[in-house]
Amino acid sequence: MTSTEAEMDEPGRAFAPGLDRLGLLLVGIGAAALVFLPFATFRANRIVPGQGHSVFEALSPALASTLAAALALVALVALVRGPPLPRLVVALGGLGFLLAAIGSAPAHLTPTGNSYARVAPGSGFWLLVFALALLATDALARMRPPPLARVALLLAAGAALFVFFRFGVWDGLSVMKEYRPRADAFAREAGTHVVLALGSLAAAIAVGLPLGILCHRVDALREPVLGTLNVVQTIPSIALFGLLIAPLGWVALNVPGAREIGIGGIGAAPALVALFLYSLLPMAANTVAGLAAVPFSAHDAARGLGMTGRQRLFRVELPLALPVILTGVRITLVQNIGLATVAALIGGGGLGVFVFQGLGQTAMDLVLLGALPTVALAFSAAVLLDAAVELAQVPSQGSSV
């Protein structure tokens, strides 16, 4: 970053000394979370209501004072309008310190020898995480790092979380106590979740991309096909999963070999089919939009060079439409990662197993065991595919026939 770029708060406007409005809002949110909301919650066992504790009750006096001082430093930097890099550094530093500090709460709050007690992050902790994450996101938006730099930041964040996990920083927290006896099941269901999301995405690309090309080429098909896919998109996910039980159950009973390959009324098959149906609209619609946005001059030049229709499609149209098509892939994958959670209701597996088990047992930490990895997967997929979209835009914007 050049000195000129570092002195810009927004495009085309140099920052002026004074208060930053977003920083003021985030500092207010963080102060309210720290003063009025519980930093950690103590429960006598996994299902009873918890008792909230402030940061000075949940942590040792030395650690609580250090954390408060660190957050005060973050607040000072956030309040003053200035270059985004210091804001990013203090926001990430404060976030890392906060995540490390919450791991110390169980040792401070849990009576010695009590294996039934549970300590979980409180609402104040989550609100502080939100404020710090938003501050870091705002700094990144102002810095406009290139795609590969954003991917590197994502990998660094993942590595930091792995270190916390690997060295037992959070072992005392209730969500980890839910995880340990279910480690094998968690690995299995996480793999199933990824297979459901990626498998339905691959099927949607294989069908939705040619369907979008066909709708672009044949105007008469565009409205009825996209309209039908719009109707499918409006069906609630639980209802669509349920509607597929009867026909797939019939296939399993009447088609030789169907049951042997996993097709049945419940399980992964209806989950995959439902996710595939939900994926068709963003894939087909974005393919149509991307092809429609190809400049007429590119078509004209390709015809002038004597290209056939097939050559124009693969050498001109699809490369130029690739950023929009990849946006459709991003929408589809993030959507499928979230919807795959519901597949657990029909025996499809996935991280939703822990979500619905936790709801049934009134064990919110078990819900978090399924929900937090799902959010992390969706966020990571969005960052990676956003980077892919931007990388695809560079050659396509400068390409010529």
Side-chain angles (χ1 to χ4, degrees), residues 192-237 239-252 255 257-258 261-265 267-294 309-310 312-340 342-343 346 348 350 378 381-382 384-385 388-389 392:
T192 300
H193 201 101
V194 172
V195 168
L196 287 173
L198 293 181
S200 56
L201 173 66
I205 293 173
V207 176
L209 187 61
L211 188 62
I213 294 171
L214 184 62
C215 289
H216 174 68
R217 293 290 179 87
V218 183
D219 290 342
L221 290 177
R222 187 178 308 167
E223 187 171 342
V225 169
L226 295 183
T228 301
L229 295 180
N230 261 311
V231 172
V232 173
Q233 198 80 8
T234 62
I235 302 174
S237 56
L240 185 57
F241 286 138
L243 289 172
L244 291 170
I245 291 176
L248 290 177
W250 182 90
V251 170
V255 176
I261 64 173
I263 296 177
L272 273 172
V273 173
L275 292 173
F276 162 71
L277 292 175
Y278 278 126
S279 303
L280 281 177
L281 178 63
M283 278 307 309
N286 277 61
T287 300
V288 171
L291 292 173
V294 174
R310 183 183 181 87
R312 291 198 304 272
L313 175 64
F314 287 100
R315 296 177 61 181
V316 178
E317 295 179 71
L318 285 178
L320 290 174
L322 185 60
V324 181
I325 295 173
L326 284 176
T327 301
V329 173
R330 173 191 178 279
I331 294 169
T332 300
L333 183 55
V334 173
Q335 169 186 274
N336 286 2
I337 290 172
L339 288 176
V342 187
I346 56 169
L384 292 174
L385 286 170
V389 170

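- Taking every heavy atom of both residues into account, Val288 and Gly212 meet most closely at CG2-O, 3.3 Å.
- The side-chain heavy atoms of Ile325 and Thr287, taken from C-beta on, include a pair separated by under 4.5 Å.
- Looking at Leu211 and Leu229, their side chains come closer than 4.5 Å, going by heavy atoms from C-beta outward.
- Few gaps surround CZ on Arg222; more than 12 heavy atoms of other groups in view lie less than 6.0 Å from it.
- Interatomic distance, CG of Leu214 versus CG of Leu221, reported as 5.0 Å (0.5 Å rounding).
- To the nearest 0.5 Å, atom CZ of residue Arg315 and atom CG of residue Leu320 are 12.5 Å apart.
- Proximity of Leu280 to Phe276: side-chain heavy atoms (C-beta onward) are separated by under 4.5 Å at one or more points.
- Considering CG of Asn230 and CG of Leu226, their distance stands at 7.0 Å, rounded to 0.5 Å.
- A side chain to side chain contact (heavy atoms under 4.5 Å, CB included) with Gln335 holds for exactly one of Ile337, Leu333, Leu339; it is Leu339.
- Leu326 approaches Ala388 most closely through the heavy-atom pair CD1-O, 3.7 Å.
- Shortest non-hydrogen contact noted between Tyr278 and Val232 is CE2-O, 3.6 Å.
- Taking OG1 of Thr327 as the reference point, atom CZ of Arg330 lies at 7.5 Å (rounded to 0.5 Å).
- Nearest heavy atom pair, residue Gly350 against residue Thr192, reads N-CG2, 3.8 Å.
- Here Ile205 pairs with Leu201, Met283, Val329 under the side chain to side chain contact (heavy atoms under 4.5 Å, CB included) rule; sequence neighbours left out.
- Taking CG of Asn286 as the start and OG1 of Thr332 as the end, the distance is 7.5 Å to the nearest 0.5 Å.
- The closest side-chain heavy-atom distance from Leu275 to Leu196 is below 4.5 Å.
- Annotation: side chain of Leu318 is in contact with side chain of Leu291 (closest heavy-atom distance under 4.5 Å).
- With sequence neighbours left out, Asn336 forms a side chain to side chain donor-acceptor pair (under 3.5 Å) with Ser200, Ser279.
- Atom-to-atom distance recorded for Leu198:CG and His193:NE2 is 10.0 Å, nearest 0.5 angstrom.
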